[in-house]
There are 2 protein chains.
Amino acid sequence: MNSAANALLTTDEPAETGAQQIRDAIRDAIVERRLSPGTKLSESDVGNLFNVSRTLARAALQALSYEGLVSVEKNRGAFVAYPSPDEARQIFAARRLIEPGILREAAARITTSEIQHLRQLLLEESRLISERGQTARRAEIKASGDFHLTLAAISGNTIMQRFMEELVARSSLVIALYGQSTISSCGHNEHGDIVSAIEAKDLDHACHLMVHHIAHIEADLDLRERKGQGLKEAFDL
Amino acid sequence: MNSAANALLTTDEPAETGAQQIRDAIRDAIVERRLSPGTKLSESDVGNLFNVSRTLARAALQALSYEGLVSVEKNRGAFVAYPSPDEARQIFAARRLIEPGILREAAARITTSEIQHLRQLLLEESRLISERGQTARRAEIKASGDFHLTLAAISGNTIMQRFMEELVARSSLVIALYGQSTISSCGHNEHGDIVSAIEAKDLDHACHLMVHHIAHIEADLDLRERKGQGLKEAFDL
DNA sequence: GCGCAAATAATCGTATACAATTTGACCGCT
DNA sequence: AGCGGTCAAATTGTATACGATTATTTGCGC
């Protein structure tokens, strides 16, 4: 979840129960890549970090495991998910399958003010790209996902929106692991092209662009098995 | 989850931690309609029922809330989900969006033995339809969903498979609430037609049949607001 | 020095205990 | 009788406690 998508479609429930706050905080940390895949998330550590008991820490980690962002191994603990190349392929296959449909739904209902909102996002995004510094990089990662999430929000289907949130978050993990170029949104302004196609009411073209956009992101990955960040490979490479 | 889909694609983790067993038990009860929408699921009651502490009961309910099968209201408790008509529409919209894609993926990878497996399912399904008695009805409900879940399993994408599991389960809730005819699979053997189309490698036709099949299920619903519980929805909607 | 077993430490799984919140009831008042 | 307020019961939110499992280290024999 993010402020941009929230601005459009939110089921205001201001009272967040502790565990949810922790979950959101950790999720943000994972998506923004302040937590590397494979990092151990001990219940006690998480609890101490947020000044809550293990009960709440556990609940938060449990929640994140349902979203596929952390994997909990019985009697061993929770770790930031370390998606396998196969998992990565499935994530992008799912996005190719889902996003054109979302795009069509969104285009059918989109209002002029929502188009404006999208353009605003694009502006912000390109601003971040030109900026330098780690915080800008993190904001850029988030902004890049926000575009897809906002489209899902516009589609009006909260279920698909949630699916997309999961897929975008996990995509960030995959890119962190297997991405080659510094950032996925490399040069081409593909998001902008999609908005233009929507505006021109050329749905087929918009879907075409979307599918290729996802393919481009995936093409930037080097999906070869990394042995659990092995100490062996780290040296004989 | 179900035995049929499991038979095809399962990541055997034999050790199920208490909470998961409870979650599965409750989920089955909801999907098979032994628990009505809106039923209160108190943590203590659930715990006593399964002879575990509230901790595990709570974890199970929490898990089910992530799947949309129970709704937990802060400081009030957990209830079997009571999907609104709008939610119901979104569920079926999501299925129409997703299932054709899954079908295409599945058809591309399907083996002859898997086709045989599907036919077996259809046979079982029609056998249950002819049988009478409540246990047969429940088995029929499950079998009807198993067809869609098995297709998802064949598609080979575990992520989409999980999405489908959620959607099928929630569909069962919706049908329990808003269904008119006794059972959704009314007369027409639509599942069988889809398998035939897959076998004939006529993907476009298969997708067409699938979309209509979902539409038929939805058409059997009477999606009008029931003032059963939602005092909030009854007014602010 | 090297492997292997036992003790030790760390961490998770589950239960119980206590605090906070909500709900419903009782009781006096108008 | 109807209304409002206060209190008690029930239920959830969170923390702590203890047993079980896994990882690590120690110590011994070779």
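Labels below follow one simple rule: chain letters A, B, ... track the order of the sequence lines, proteins then strands, and each chain is numbered from 1.
Residue B:Asn51 contributes atom CG, which lies 14 Å from atom C1' of C:dT14 at whole-angstrom precision. Rounding to whole angstrom units, CZ of residue A:Phe50 and C1' of D:dT14 are separated by 17 Å. Atom CD of A:Glu73 is separated from atom P of D:dA23 by 9 Å (rounded to the nearest Å). For the pair B:Glu43 CD and C:dA17 C1', the computed distance is 15 Å after rounding to whole Å. B:Ile22 places its CD1 atom 9 Å from the P atom of C:dT14, with the value rounded to the nearest Å.
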Any protein N or O atoms within reach of nucleotides 7-9 of chain C? Criterion: under 3.5 Å, listing atom names and distances.
none

Please write out each protein N/O paired with an N/O of nucleotides 18-24 of chain C under 3.5 Å, distance rounded to 0.1 Å.
{"unit_1": "C:dT23", "atom_1": "OP1", "unit_2": "B:Arg76", "atom_2": "NH1", "d": "2.9"}

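Between B:Thr55 and B:Ser44, it is B:Ser44 whose nearest contact on DNA chain D lies nearer the 5' terminus.
Under the 4.5 Å side-chain criterion, counting only non-hydrogen atoms from C-beta, A:Ile22 is not in contact with A:Leu61. Counting only heavy atoms from C-beta outward, the side chains of B:Glu125 and B:Lys142 never approach each other to under 4.5 Å.
Ion pairing of A:Glu166 with A:Arg170 is present here, as a side-chain N (NZ or NE/NH1/NH2) and a carboxylate O approach within less than 4.0 Å.
Ring-plane geometry between A:His191 and A:Phe147 is classed as parallel, the angle between the planes falling under 30 degrees on a 0 to 90 degree scale with a further cut at 60. Between A:Phe163 and B:Phe163, the ring planes are parallel. Angles under 30° get that label, and only those over 60° would be called perpendicular.
No side-chain donor-acceptor contact under 3.5 Å links B:Thr158 to the backbone of B:Gln161.
Among residues two or more places apart in sequence or in another chain, the side-chain contact (heavy atoms from CB on, under 4.5 Å) test is passed with A:Gln120 by none. Among residues two or more places apart in sequence or in another chain, the side-chain contact (heavy atoms from CB on, under 4.5 Å) test is passed with B:Arg89 by B:Pro85, B:Asp86, B:Glu218, B:Leu223.
The stretch residues 36-69 of chain A participates, sequence neighbours left out, in these ring-ring contact (aromatic ring centres under 6.0 Å, His included) pairs: A:Tyr66-B:Tyr66.
A heavy atom lying under 4.0 Å from DNA chain D marks the following residues of residues 56-69 of chain B, by number: B:Arg58.
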From CA spacing to verdict: side-chain hydrogen bond (donor to acceptor under 3.5 Å, both in side chains), B:Arg54, B:Ser44 | CA-CA 6 Å; B:Arg54 266 184 56 216; B:Ser44 316; 4.7 Å; no
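Separating the OH atom in B:Tyr82 from the CG atom in B:Leu173 is a distance of 11.0 Å, to the nearest 0.5 Å.
At a threshold of 4.0 angstrom between heavy atoms, the contacts of B:Val72 with the nucleic acid are absent.
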